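Keep in mind that this is a model prediction, so the values were computed, not measured.
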Amino acid sequence: MSAPSQARGALRGTSGRTIVADRAATVVLWALGGFVLLLLGAIILHFVIASIGVVSPSFIFGDPSDTELGGVGPLLWNSVYMLVLAMLIAVPLGILAGIYMSEYAGDNRVTDTIRFAEEAISSVPSIVVGLFGLIAFVNLTHWGFTALGGALALTLFNLPLMARLSEQALRAVPADERSASLALGATKWQTIRHVVLPLAIPGIVTGIILTAGRVFGEAAALLFTAGLSTPTGYNFGNLNIFDPKSPWSPFRPATTLSVYIWKTNSEGLSQFAAQIGDGASALLLGSVLIFNLGARFLGRILTRRLTAA
Amino acid sequence: MNTGDEMTTTTRAQDPIEASIDPSPATLPPRIVPVGPGRTADDARTGSPDVAGVAAMPKVAAEAVSITYGTKLAVRDVSLEVPERSILALIGPSGSGKSTFLRCFNRMNDLIPGARVTGQVRLDGIGLMDPDVSVVELRRRVGMVFQRPNPFPMSIYDNVAYGPRRRGASDRAQLDELVERSLTRAALWTEVKDDLRRKSGLALSGGQQQRLCIARVLATEPEVILMDEPASALDPISTLRVEELMRELRELYTIIIVTHNMQQAARVSDRTAFFNMGEDRAGYLVELDDTRTLFTNPKNQLTEDYVSGRFG
């Protein structure tokens, strides 16, 4: 056999294997992606179907009841309230910490340790965080079970997560853009404010969504901090934030929807536990969806406003 | 969070740069070149002594500049002068320190951790390495165009207005006028004037983006423009347009351009400096002369070899 034809044969063999591998990779990745979508679709579909006949205006806005299906109004409110409270603490501090870590602190052993600590703390089991919260924000402060205590417990792992994700978003902004701004005679802060932050907003919004998801879904960290009870019959006209009966007060026990799902299903006292679980889960899914879409929308507006001025 | 701005303002008051006479190049009349016996327009441009024998002060000068990155010497002992309103081209093989050296003139090397510059760099005779020099003010007077077009992801208008706005300009009519003037001077106005506010700078073609970056620099009203291989990422037609633009800008600004392209250096520059990498891998200045002389009759054998394409 002559040399050229041998070479051609080898070439054909290699490309054949490459093509098979390429097709296999395509098929496997599509299948995995499809499987994940299917799983997500199944979960959503299950709760949409299960919640039919449960979720009604009276279920969404009504008070819980031991004798009938009742509603989850105060608990849904508590979830939203807790979310806002926790995000008010974690988002500004997290972004500022991220700016410091990305733009000012530099890379050395101290900052490496801080980054490692951020990642470690944000993955501490939440029941442990809850127990720490019980000591720190319930007993030491003599607050008892409060929404604020719950929010602070959530902050323990949300703040490091937010700081780490903000830092990553800021670091991902190309060096070219920073150089261009500095070379035009902008100061460091002007460069951060007008070029780096606007470009990092999509990444920061991702951080906010991931952090918010943990607030919505968290139960263990809130059991011993925000408590397993909540005032009902909220009067939203009561703006006295120091009145434990006011829905606006951070100093009141505040069971969230997630905690309530856990509670009704583990205590087994209510004969409607299953329906309440399904309905509340559907409400939680809906809330997360609305929050995520809202956050993306606001992020886009913010980027536009920050870059325009 | 305003400390950055406040600091700038305070330093600016005592800033030696600010203290010097600051003729805004944008408002200067076209330069009148006195032509007399023994003196040509070229002489005036290249900073030769004038009739009275008094040497014109160079616009920009480097005195024994060396640059190290950590322990590595990148540029060794370079001294040169650039007369006002002329174009100096820095040519030489990769690794000869041209770009690194260019970044001394607006102190962009400050941003690289571990970079250290020794020697002195002067603008209108003022030492730029002095500790009381405000880099913010310096970079407004010495603009820079980068190798890769890097417009901000904002509208064309906001890109051009970026520098003036950071300096506090907010008057709408003045900004409009400045944006139009800068874009016109960068030969981009007619192409973009209808979508100034709607179109993102990133939506332009590569060549247009680079002219936008030049307009953005012109809007800060600099006196010196540094260009780091400004056409290396552009297609031939865009390159020609940028070169044409450089020749026009030379009437008003002092320009230093780094280029890999010897034809480009020959086409646009008044004088050319040839850099080479030494045996210690540090860049150094081999020869600096009028562009024509350097390309046709170089004094140094290395230059001769390089410009005739024998190495590099």
S.K.: Counting only heavy atoms closer than 4.5 Å, note whether V142(B) contacts chain A via side chain, backbone, both or neither.
M.R.: backbone
S.K.: Are there over 12 heavy-atom neighbours, none belonging to R296(A), within less than 6.0 Å of that residue's CZ?
M.R.: yes
S.K.: Looking at every heavy atom in both L199(A) and P153(B), which two are closest together, and how far apart are they?
M.R.: CD2-CG, 3.1 Å
S.K.: Is the closest side-chain heavy-atom distance between Y162(B) and V195(A) below 4.5 Å?
M.R.: yes
S.K.: Need one label for P151(B): side chain, backbone, both or neither, based on atoms under 4.5 Å from any heavy atom in chain A.
M.R.: backbone
S.K.: Using a cut-off of under 4.5 Å on heavy-atom pairs, state which of R139(B), R107(B), R197(B) scores highest against chain A.
M.R.: R139(B)
S.K.: With a 6.0 Å cut-off (strictly less than), is the heavy-atom count around CZ of F116(A), excluding the residue itself, greater than 12?
M.R.: no
S.K.: Are more than 12 heavy atoms, taken from residues, nucleotides or ligands other than Y100(A), located less than 6.0 Å from that residue's OH atom?
M.R.: no
S.K.: Quick one: does L184(A)'s side chain get under 4.5 Å of R166(B)'s, heavy atoms only?
M.R.: no
S.K.: Does any heavy atom of chain A fall under 4.5 Å from the side chain of T220(B), the backbone, both, or neither of them?
M.R.: side chain
S.K.: Give, as side chain, backbone, both or neither, the part of F152(B) having an atom under 4.5 angstrom from any heavy atom of chain A.
M.R.: both
S.K.: Is it true that atom CZ of F251(A) has more than 12 heavy atoms of other residues, nucleotides or ligands lying nearer than 6.0 Å?
M.R.: yes
S.K.: Do any of residues 156-183 of chain A have a heavy atom less than 4.5 Å from a heavy atom of chain B, and if so, which, in residue order?
M.R.: D176(A), E177(A), S179(A), A180(A), S181(A), L182(A), A183(A)
